[in-house]
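Start at 1 and go down the list; that is how both ligands and their atoms are numbered.
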Amino acid sequence: MSTISGNPLYDAVVAGRALGNGQLLVTDKAETVDDAQFLDTAARYSTVLAEAGVNPGDRVAVQVAKSWQALALYVACLRHGAVFLPLNTAYTPAELGYFLDDAEPALFVVDPSTRKASEDLVAKASASIAVHTLDDDGGGSLAEAAHLAAAAQAVCACSPDDLAAILYTSGTTGRSKGAMLSQKNLLSNARTLVDAWQFGPNDVLLHALPIFHTHGLFVAGHCSLLSGAKLRFHGGFKVDAIIADLPESTVLMGVPTFYTRLLDDPRFDRKLAAHMRLFVSGSAPLLAETHRLFEERTGQRILERYGMTETNMNCSNPYVGDRRAGTVGVPLPGVEVRLHEADAESGVGTLEVRGDNVFSGYWRMPEKTREELAEDGWFLTGDLATIDADGYVTIVGRGKDLVISGGYNIYPKEIEVLLDSLDGVAESAVVGAPHPDFGESVVAFVTAEDVTKEPVEADILTAIADQLARFKQPKRVLVLPELPRNTMGKVQKNVLREQVVDLFS
Ligand code: MLC
Ligand code: AMP
């Protein structure tokens, strides 16, 4: 295996795999995959990309179930110099059209069950887009073409500034933005994390996160791929399967829901966690209470870290040293943090970050990019934070109107626009309510267009069912005579949040 193709991130994957013993992963269906098979699959897929007309720099949109082949497809895109564009499997056809029009991918890889719907979407898209299929067992037209593929193409040489991926993140305006991530952005952060969390060939990462977001794809994926570590690769988070694999694993990465669900299970105890050296939490705030209960039960302290799609990981509690509950730790090496317009009394300001980890801008949105990413490299996160004398950062809130449910970001505006368009609804306001499982859950308030015809919760939920990914759909819709407003006429979401504080408790 050559390690000098001039494609920094792909080379790092190949070099990382050479550190291990040749084994890569075991799936929750007991399939084992070694490094040679994985890299060969990625090489074959890259030939299929070329045959499908994908050139270096072209986007490859992917909406498929989690499988090791889907991970190999990501590596194939790196190898080919194509830009990987993963999409949440929960997105409905109504939501997908936007991504296809905005990103203009050369290829769309989908589950065979959605082939027809995807071809219909592609037919309506502005760009010419080829379609391939890939199912959760690695079957489909991509695999068939890969089987027949001619000799693998040469690895594409890339510069560190070339794009490796675009990940869409929703925005306060309701329009998703494609975060452009270069080879340098991803590789610098991957190396930093491997180092900071001491990943090595003896590790076995229990991987139960989706691989269409930063956490599962880049944080968990790169830490293992680049360090020679092995993976227990699960299709999703199922408590029984996690409990069965914990004694074989050394690291778990998860959103706080993983940890509260584990703590809800009496089988999860010190003995079961004894083989583990590290539990990482991120993507949403981990309650200090969860941190405390976890330590009480297992004798281990969860390591909380903080990141974003746009920036990869910014801060982390130390691997060796004081992991402080309720904080996200200190800036990672190579990452600078500071507070924008910090309040003199409380010390709270909007967190800004800078470093090689910070993205290259929003795809085809120069103005939005200028608003958030300054010329000198500082990125305005929209998270409200304090920084203490030891440099520990605490995220105390969000300046952006955002709900984080089970680690998924949901922007109220997107749901409000949809609710407002429904017959019978005059206006709406969407907030997050505390939820014991998801941390926060989406709740919608609506007012009636006609006071004699009060909107019915079930009808509203039915009307939006096909329009919105399931995780974004309100868990409750509550009807009000009118929305509370301040003197400026702005809806007082804090008043609405107070009304639903105990809704799910
Ligand atoms: C599933 N549902 C959700 C949901 N996940 N609803 C709201 N929020 C969620 N996160 C829906 C399901 O469709 C289902 O609907 C019902 O809720 C119950 O589903 P479940 O079976 O309990 O859900 P499950 O499949 O177990 O998923 C829960 C979860 C999953 C927490 C394991 O959501 C998950 O893997 N979250 C991780 C997200 C993530 O990777 N975030 C990282 C983003 S990157 P119904 O009604 O049909 O039954 C990022 C940067 C960073 O943020 O710093 O990392
Ligand atoms: P995303 O846009 O999906 O990448 O999500 C990024 C957002 O998740 C951040 O801006 C934060 O609001 C939030 N986030 C990530 N990690 C943490 C954490 N450890 N604590 C609190 N919020 C977090």
Side-chain angles (χ1 to χ4, degrees), residues 66 86 88-90 92 167-172 176-177 179 181 189 193 207-221 234-242 253-262 264 280-288 290-291 302-317 325-329 350-351 353 357 359 372 379-385 393-411 432-433 435-443 461 465 468-476 504:
K66 185 175 174 183
N88 194 318
T89 46
T92 62
L167 266 61
Y168 274 84
T169 101
S170 315
T172 43
S176 288
K177 303 167 288 184
L181 294 152
N189 207 239
L193 295 179
H207 194 304
L209 287 159
I211 54 169
F212 42 71
H213 280 312
T214 296
H215 199 163
L217 181 62
F218 300 140
V219 185
H234 291 206
F237 182 86
K238 298 278 169 275
V239 168
D240 287 347
I242 296 293
M253 286 186 192
V255 294
T257 302
F258 282 22
Y259 296 110
T260 50
R261 286 188 182 180
L262 281 171
D264 279 345
V280 179
S281 177
S283 308
L286 181 79
L287 295 179
T290 309
H291 200 281
I302 296 175
L303 182 152
E304 185 170 9
R305 59 46 171 194
Y306 159 78
M308 282 181 83
T309 302
E310 287 92 333
T311 64
N312 299 287
M313 298 304 103
N314 297 307
C315 298
S316 170
N317 272 281
T327 82
V328 294
T350 306
L351 193 69
V353 301
N357 55 311
F359 76 144
E372 293 176 22
F379 173 68
L380 195 61
T381 63
D383 289 309
L384 302 177
V393 175
T394 302
I395 307 294
V396 298
R398 296 174 206 133
K400 45 197 175 189
D401 190 13
L402 162 71
V403 178
I404 304 185
S405 171
Y408 286 137
N409 283 11
I410 300 158
Y411 278 86
H435 190 278
D437 188 30
F438 293 132
E440 284 183 295
S441 262
V442 174
V443 175
L461 291 174
L468 215 54
R470 189 88 185 133
F471 69 89
K472 296 183 200 165
Q473 294 175 21
K475 301 278 184 217
R476 289 297 313 275
F504 298 110

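- Using a 4.0 Å cutoff on heavy atoms, Gln473 does not count as a contact of ligand 1.
- Residue Glu304 approaches ligand 2 through these ligand atoms, each under 4.0 Å from one of its heavy atoms: 18 (C), 19 (N), 20 (N).
- Ranking the protein heavy atoms by distance from atom 13 (C) of ligand 2 puts Ile404 CD1, 3.5 Å first.
- Atom 24 (P) of ligand 1 has Arg261 NH1, 4.0 Å as its closest protein atom, hydrogens excluded (heavy atom only).
- Protein heavy atoms come within 4.0 Å of atom 31 (C) of ligand 1.
- Close contacts of ligand 1 with Gly307, meaning ligand atoms under 4.0 Å from a residue heavy atom, involve 53 (O).
- The side-chain hydrogen bond (donor to acceptor under 3.5 Å, both in side chains) pairs that include a residue from residues 393-402 are Arg398-Glu440, Asp401-Lys493, where partners are two or more places apart or lie in different chains.
- Under the 4.0 Å distance rule, the nearest protein heavy atom to atom 19 (O) of ligand 1 falls outside the cut-off.
- Atoms of ligand 2 found under 4.0 Å from any heavy atom of Val328, numbered from 1 in the order shown, are 18 (C), 19 (N), 20 (N).
- Of the polar atoms of Lys238, none of the N or O atoms is found under 3.5 Å from an N or O of ligand 1, judged by distance alone.
- Of the candidates Ala208, Ser283, Gly235, Gly282, it is Ser283 that places a heavy atom closest to atom 42 (C) of ligand 1.
- Numbered from 1 in the order shown, with element, the atoms of ligand 2 that lie under 4.0 Å from a heavy atom of Met308 read 4 (O), 6 (C), 9 (C), 10 (O).
- Residue nearest to atom 40 (O) of ligand 1, selected from Gly407, Gly439, Pro210: Pro210 (by heavy-atom distance).
- The protein non-hydrogen atom at the shortest distance from atom 9 (C) of ligand 1 is Ser405 O, 3.6 Å.
- For ligand 2, none of its N or O atoms has an N or O atom of Thr381 under 3.5 Å away.
- Annotation: ring-ring contact (aromatic ring centres under 6.0 Å, His included) contacts of Phe438 (sequence neighbours excluded): His435.
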